[in-house]
Engineer: 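Below: one structure in structure tokens.
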2 protein chains.
Amino acid sequence: MIRILLADDEHLIRGAMAALLSLEDDLQVVAQAATGAEALATARVVHPDVAVIDLQMPDLDGVSVAQALATDLPTCRTMIVTSHGRPGHLKRALAAGVRGFLPKTVSADVLATVVRTVHTGGRYVDPALAAEAISAGDSPLTPREADVLELALEGAPIDEIARRASLSPGTVRNYLSSAVGKTGASNRHEAARFARAKGWI
Amino acid sequence: MIRILLADDEHLIRGAMAALLSLEDDLQVVAQAATGAEALATARVVHPDVAVIDLQMPDLDGVSVAQALATDLPTCRTMIVTSHGRPGHLKRALAAGVRGFLPKTVSADVLATVVRTVHTGGRYVDPALAAEAISAGDSPLTPREADVLELALEGAPIDEIARRASLSPGTVRNYLSSAVGKTGASNRHEAARFARAKGWI
DNA sequence: TCGCGTCCATGACATCTGTCATGGGGAACT
DNA sequence: AGTTCCCCATGACAGATGTCATGGACGCGA
């Protein structure tokens with residue numbers, strides 16, 4: 001019997017997934033959590049075999065939870081399900097030791113299968129997401145460029161970005177200019193959106 | 001027995017919700033659809049009593065489907081469930097004749113209850129979403145301002161917005177300036193994000 | 001040690017944007 | 001008929017932004 005921890009902020013989805021997983025004879029949902037912190041706390045108590053975690057949650061995101069679980073509970077395998085899978089997430093997730101990565105568009109059968117695969121030490125990444133991640137390629141941005149571009153994402157003016165990054169406005173403009181060139185965008189906002197779509201920031 | 005049509009692009013969620021609803025004795029999921037178009041086509045064939053539709057789907061969004069259903073199948077009550085409820089959606093949905101509006105954070109119990117409420121001609125709107133919609137208030141933007149701001153959302157430069165809106169660049173700047181003033185933002189990108197958060201565009 | 005790339009910064013310049021004043025046309029309401 | 005608001009447009013100006021050249025500091029690998 002595989003003991004599962006389920007974390008998703010959407011009560012309806014979480015309950016429904018629990019119901020589906022429980023239909024399988026060899027699977028048992030032993031705990032549920034609505035936030036990342038709750039998932040972590042619960043996991044420390046119940047020691048699940050597999051943690052199925054939603055990528056976007058109110059507090060910590062799925063990858064952070066996975067990272068914490070990897071060090072806290074090395075025996076617990078982690079997999080992530082998500083609605084909006086961007087290439088960068090997958091990369092970060094795998095780096096965090098996640099063993100399975102699925103969009104919510106898969107069927108319940110697949111979910112159950114992947115839970116079993118992950119439990120026996122295997123890995124599974126949704127082919128479509130994997131293809132996307134590969135086609136997105138590696139980020140051409142330097143770390144600083146990525147930092148600055150991330151701050152530019154919300155539409156803040158350069159002065160504010162400079163303050164938040166503790167840089168001079170001129171330097172910020174240089175990085176942004178460089179990033180705009182690399183992304184082929186026509187201004188920093190477009191560049192920021194592009195980079196986020198590619199999962200670079 | 002209430003006959004339900006379920007539309008959601010996420011297979012996992014759809015299947016899980018179907019499983020949950022089917023646990024109720026008086027509810028029966030008679031059809032499922034993964035896209036808006038599919039939902040419409042299916043509804044015309046099976047004539048469900050209640051349509052439970054996800055707000056965001058690849059092609060038509062939930063509100064458009066609801067609108068089409070209202071004219072096509074007047075006897076079919078429509079309700080919408082959503083992950084990310086922005087105030088504007090709720091307003092548009094109610095205008096389209098939707099009888100129920102729920103976030104996916106509710107429990108399965110609530111979902112089933114609302115299905116029954118809607119079926120008997122009642123209405124139900126999630127209290128939290130309703131409060132948000134009220135606090136967001138009506139849009140202070142004129143129709144043109146909203147149009148232009150929407151085009152500005154993707155970070156396009158003014159010239160492109162002008163082309164796409166068939167306006168002169170000067171006019172576009174005036175509308176954007178006005179919108180920036182009304183939203184209290186410091187530039188059009190921030191204004192666009194703000195307006196979208198409020199559901200105004 | 002040298003070269004290389006990254007990080008940080010400055011200054012100068014052209015262009016883009018935000019703001020304001022102004023005005024004509026049209027629809028709605030008094 | 002007059003008032004008011006929205007739509008569309010133009011022009012002018014200040015300030016923000018994008019681009020480019022330049023240079024020093026630092027760490028890393030050859």
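Values reported hereafter were calculated over all heavy atoms of this structure, with side chains retained and with hydrogens, waters and symmetry mates removed. Just so it is clear: chains get the letters A, B, ... in the order the sequence lines come, proteins before strands, and each one is counted from 1. Keep in mind that what you see is a predicted model, and the values were worked out from it rather than measured.
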Engineer: Could you state the atom-to-atom distance from CG of L141(B) to P of dC5(D) in whole Å?
Structural biologist: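 Those two atoms, CG and P, are 17 Å apart.
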
Engineer: Report yes if a side-chain nitrogen or oxygen of R144(A) is closer than 4.0 Å to either non-bridging phosphate oxygen (OP1 or OP2) of dC8(C); otherwise report no.
Structural biologist: yes

Engineer: Under 4.0 Å between a side-chain N/O of T142(A) and OP1 or OP2 of dC7(C), yes or no?
Structural biologist: yes

Engineer: Can you tell me if T171(B) touches the phosphate of dC7(D), counting only side-chain N or O atoms and a distance under 4.0 Å to OP1 or OP2?
Structural biologist: no

Engineer: Check the distance between dA9(D)'s P and Y175(B)'s OH and give it to me in whole angstrom.
Structural biologist: 8 Å

Engineer: Whether the Q56(B) and S83(B) side chains hold a donor-acceptor pair (N or O, under 3.5 Å, no angle test) is what I'd like checked.
Structural biologist: no

Engineer: Measure the distance from CZ on R173(A) to P on dC13(C) and round it to the nearest whole Å.
Structural biologist: 14 Å

Engineer: Select from S166(B) and R188(A) the residue whose nearest nucleotide in DNA chain D is closer to the 5' end of that strand.
Structural biologist: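 Final value for this comparison: S166(B).
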
Engineer: Using the side-chain heavy atoms of N174(A), tell me which of these nucleotides is nearest: dT10(C), dC8(C), dA21(C).
Structural biologist: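 When the side chain of N174(A) is considered, dT10(C) is the closest of dT10(C), dC8(C), dA21(C).
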
Engineer: Examine the side chains of T171(B) and N174(B) and answer whether a donor and an acceptor come within less than 3.5 Å of each other.
Structural biologist: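 No - no donor-acceptor pair under 3.5 Å links their side chains.
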
Engineer: Given atom CD1 of I158(A) and atom P of dC16(C), what is their separation to the nearest angstrom?
Structural biologist: 16 Å

Engineer: What is the minimum heavy-atom distance between V106(B) and H11(A), and which atoms define it?
Structural biologist: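 V106(B) and H11(A) have their closest heavy atoms at O-CB, 3.3 Å.
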
Engineer: Take atom CG of L176(B) and atom P of dA16(D), then tell me their distance rounded to the nearest Å.
Structural biologist: 18 Å

Engineer: Nearest whole Å is fine: how far is dC7(D) C1' from E145(B) CD?
Structural biologist: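 Distance, rounded to whole Å: 10 Å.
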
Engineer: Quick one: is S177(A) getting a side-chain N or O under 4.0 Å of the dT19(D) phosphate, OP1 or OP2?
Structural biologist: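 The answer is yes; a side-chain N or O of S177(A) sits under 4.0 Å from OP1 or OP2.
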
Engineer: Do D54(B) and R14(B) meet the salt-bridge criterion of a basic N to acidic O distance under 4.0 Å?
Structural biologist: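 Between D54(B) and R14(B) there is no salt bridge, as every charged N stays at least 4.0 Å from the carboxylate O atoms.
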
Engineer: Measure from NZ on K182(B) to P on dG18(C) and round the result to the nearest Å.
Structural biologist: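 Nearest whole value for this atom pair: 16 Å.
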
Engineer: Should T142(B) and K182(B) count as side-chain neighbours, where that means a heavy-atom distance under 4.5 Å?
Structural biologist: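 Heavy-atom side-chain distance check passes, below 4.5 Å.
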
Engineer: Rounded to whole angstroms, how far apart are CG on L167(B) and P on dC6(D)?
Structural biologist: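 Answer to the nearest Å: 16 Å.
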
